[in-house]
Enquirer: 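The structure follows.
Naming convention: chains lettered A, B, ... in sequence-line order (proteins, then strands); numbering from 1 in each chain.
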There are 2 protein chains.
Amino acid sequence: MAAVDLSTHPGHLARRLQQAHYLLWNTMVSEEITSPQFAVLNALVAEPGLDQRTVGERVGLDRSTIAEVISRLGRRGLLDKVRDPQDGRRSLLRLTDEGLRVHRKLTVRTARMNQVFLAPLSGEEQTLFFDLIQRVSDAAEGLRNPVTPGEPIAGHR
Amino acid sequence: MAAVDLSTHPGHLARRLQQAHYLLWNTMVSEEITSPQFAVLNALVAEPGLDQRTVGERVGLDRSTIAEVISRLGRRGLLDKVRDPQDGRRSLLRLTDEGLRVHRKLTVRTARMNQVFLAPLSGEEQTLFFDLIQRVSDAAEGLRNPVTPGEPIAGHR
DNA sequence: CCTGATTAGTCAGGGCACTGAGTATTTCTA
DNA sequence: TAGAAATACTCAGTGCCCTGACTAATCAGG
């Protein structure tokens, strides 16, 4: 009766999209390293020595989740974690040689996987795909941190 | 050095999109009932008496996950689960009055949330957004179930 | 019939994701 | 400079999501 068509619900579509990606990642990229884990490795390739919170910010993971992901990567020997001598609250992170090696290997496979994943779309459609998703995500993200009235938003925070 | 730009990685974008949606759902729709739970309620409004596996198929959840979701909805008294007398393997599901009531209430709120979520896109862009995501998801889903031999494959591969 | 395959569901295990509460450290300020 | 506020991280709790192994019930062929 009052049932709704889920194919017009962005949340439902987002979930399905992620599932589809998870699947392809698992078969084409790696069964050990997950996509969020790769994102963390990638962030540390770009900026070695980053602290835990900032890495989370870069890849879009909250404090609890990033702690778990980093703990797994540490157990696998892909990164090292040391207390910042300058600021005893921070943990500084750095990839091991093995971590660098894994990142390099997965970078290649990930590129291949992305091609397969996006194959149903033309070049322009792919650009549009990125753009639309990013705009929606950014806008929703913006609703989260309501702009404090009167506060200048310049660079950050 | 060899770091990659995650904003061109559909998996990363999909994850961010889902996070953004999760957030908005939590604040605008419900803190108790999640989006997947609503999808299950919705499937049972459309087709009461469905068995567990089929519900999972309708909403895109595997056998393990659908079992958990249904168990939670049962605990909350939103649906009833009975063994099929015709086929002792199946569990047949049906919403309770409370389940119907909750579905009705959330349907309204969900519609409002979707509007807010998609507000950054124009009407045509929204249509495109749905279409692109669906095509990518469907294609990836297709890779999973290898087409039975002899079957002509529309797209390619 | 009865045996072997298929099917529905459960269970254990691993990983992602969030909130809320708590700890330690640093920084700000009265 | 002592107390308050902010910051980085941890921990417990809940829920989603998958795979692989298992149980129970049904179905199909010989």
Side-chain angles (χ1 to χ4, degrees), chain A residues 11-12 14-27 30-40 50-57 59-76 81-93 140-141 144 156-157, chain B residues 11-12 14-27 30-40 50-57 59-76 81-93 140-141 144:
Chain A
H12 183 70
R15 190 168 60 79
R16 281 201 54 213
L17 185 66
Q18 220 204 342
Q19 283 171 357
H21 174 263
Y22 173 88
L23 188 70
L24 207 56
W25 180 281
N26 234 6
T27 62
S30 169
E31 295 187 348
E32 276 93 47
I33 306 298
T34 66
S35 170
Q37 285 173 18
F38 175 74
V40 168
L50 232 47
D51 70 289
Q52 192 167 310
R53 188 195 68 79
T54 307
V55 172
E57 199 174 281
V59 302
L61 293 176
D62 68 294
R63 65 206 187 290
S64 291
T65 306
I66 193 67
E68 293 178 22
V69 173
I70 282 174
S71 145
R72 279 175 212 117
L73 291 173
R75 269 208 307 274
R76 284 175 183 281
K81 180 171 163 179
V82 292
R83 268 271 184 279
D84 184 346
Q86 256 67 61
D87 184 341
R89 293 168 299 182
R90 287 190 168 81
S91 286
L92 303 185
L93 306 170
E141 179 77 17
R144 180 177 195 37
H156 39 21
R157 246 292 115 222
Chain B
H12 183 71
R15 190 167 61 78
R16 279 201 56 213
L17 184 66
Q18 220 204 341
Q19 283 171 357
H21 174 264
Y22 173 87
L23 189 70
L24 206 56
W25 179 281
N26 235 3
T27 62
S30 171
E31 294 188 348
E32 276 93 47
I33 306 299
T34 66
S35 171
Q37 286 174 16
F38 174 74
V40 168
L50 233 48
D51 70 289
Q52 192 167 311
R53 189 196 66 80
T54 309
V55 172
E57 201 175 279
V59 302
L61 292 176
D62 68 296
R63 62 203 188 293
S64 291
T65 306
I66 194 68
E68 291 179 23
V69 173
I70 283 176
S71 145
R72 279 176 212 117
L73 291 173
R75 269 207 307 275
R76 285 176 182 281
K81 180 170 164 180
V82 292
R83 268 272 184 277
D84 184 346
Q86 256 67 61
D87 184 342
R89 290 168 300 184
R90 287 189 169 81
S91 287
L92 303 185
L93 306 170
E141 179 76 17
R144 177 176 196 36

Enquirer: Taking salt bridge (charged side-chain N to carboxylate O under 4.0 Å, His left out) as the definition, give me every residue that meets it alongside A:Arg76, ordered by chain and number, with sequence neighbours left out.
Expert: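 Partners of A:Arg76 under the salt bridge (charged side-chain N to carboxylate O under 4.0 Å, His left out) test: none.
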Enquirer: So, A:Gln19 side chain and B:Gly60 main chain: donor-acceptor pair closer than 3.5 Å or not?
Expert: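 At least one qualifying donor-acceptor pair exists.
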Enquirer: Scan nucleotides 22-27 of chain C nucleotide by nucleotide, 5' to 3', and note B when protein non-hydrogen atoms come under 4.0 Å of the base, S if they reach only the sugar-phosphate, - if neither.
Expert: ---BS-
Enquirer: What pairs with A:Ser71 under side chain to side chain contact (heavy atoms under 4.5 Å, CB included), at least two apart in sequence or on another chain?
Expert: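 Partners of A:Ser71 under the side chain to side chain contact (heavy atoms under 4.5 Å, CB included) test: A:Arg75.
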Enquirer: Between D:dC9 and A:Arg53, is there an OP1 or OP2 to side-chain N/O distance shorter than 4.0 Å?
Expert: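 So the side-chain polar atoms of A:Arg53 never come under 4.0 Å of the phosphate oxygens OP1 or OP2 of D:dC9.
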Enquirer: Base, sugar-phosphate, or nothing for B:Ser91, non-hydrogen atoms under 4.0 angstrom?
Expert: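 Sugar-phosphate contact only.
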Enquirer: What distance separates A:Arg53 CZ from A:Leu61 CG, expressed to the nearest 0.5 Å?
Expert: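 Here the rounded value is 13.5 Å.
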Enquirer: Excluding sequence neighbours, so at least two apart, what forms side chain to side chain contact (heavy atoms under 4.5 Å, CB included) with A:Gln86?
Expert: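 A:Gln86: side chain to side chain contact (heavy atoms under 4.5 Å, CB included) contacts with A:Asp84.
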Enquirer: Classify the side-chain pair A:Arg15/B:Ser35 by whether it contains a donor and acceptor separated by less than 3.5 Å.
Expert: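 Distance-only check fails for A:Arg15 and B:Ser35.
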Enquirer: Considering every strand and a 4.0 Å limit on heavy-atom distances, what is the contact class for B:Gln37: base, sugar-phosphate, or nothing?
Expert: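 Touches sugar-phosphate only.
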Enquirer: Any base atoms under 4.0 Å from A:Asp51, or only sugar-phosphate, or nothing? Heavy atoms, all strands.
Expert: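 The residue A:Asp51 makes sugar-phosphate contact but no base contact.
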Enquirer: Students often get this wrong, so: under 4.0 angstrom with heavy atoms, is B:Thr34 touching a base, only sugar-phosphate, or nothing?
Expert: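 Here B:Thr34 touches the backbone only, sparing every base.
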Enquirer: Closest-nucleotide mapping onto DNA chain C: is A:Tyr22 or B:Gln19 further toward the 5' terminus? I mean the 5' end.
Expert: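 Taking each residue's closest nucleotide, the earlier one in sequence belongs to A:Tyr22.
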Enquirer: Taking the nucleotide of DNA chain D with the nearest heavy atom to each, does A:Arg90 or A:Glu31 sit closer to the 5' end?
Expert: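 On the 5' side of the pair lies A:Arg90.
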Enquirer: Tell me every residue that passes ring-ring contact (aromatic ring centres under 6.0 Å, His included) with A:His12, counting only those two or more places apart in sequence or in another chain.
Expert: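 A:His12 satisfies ring-ring contact (aromatic ring centres under 6.0 Å, His included) with no residue once adjacent residues are dropped.
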Enquirer: Any N/O pairs under 3.5 Å between the protein and nucleotides 1-5 of chain C? List them or say none.
Expert:
none

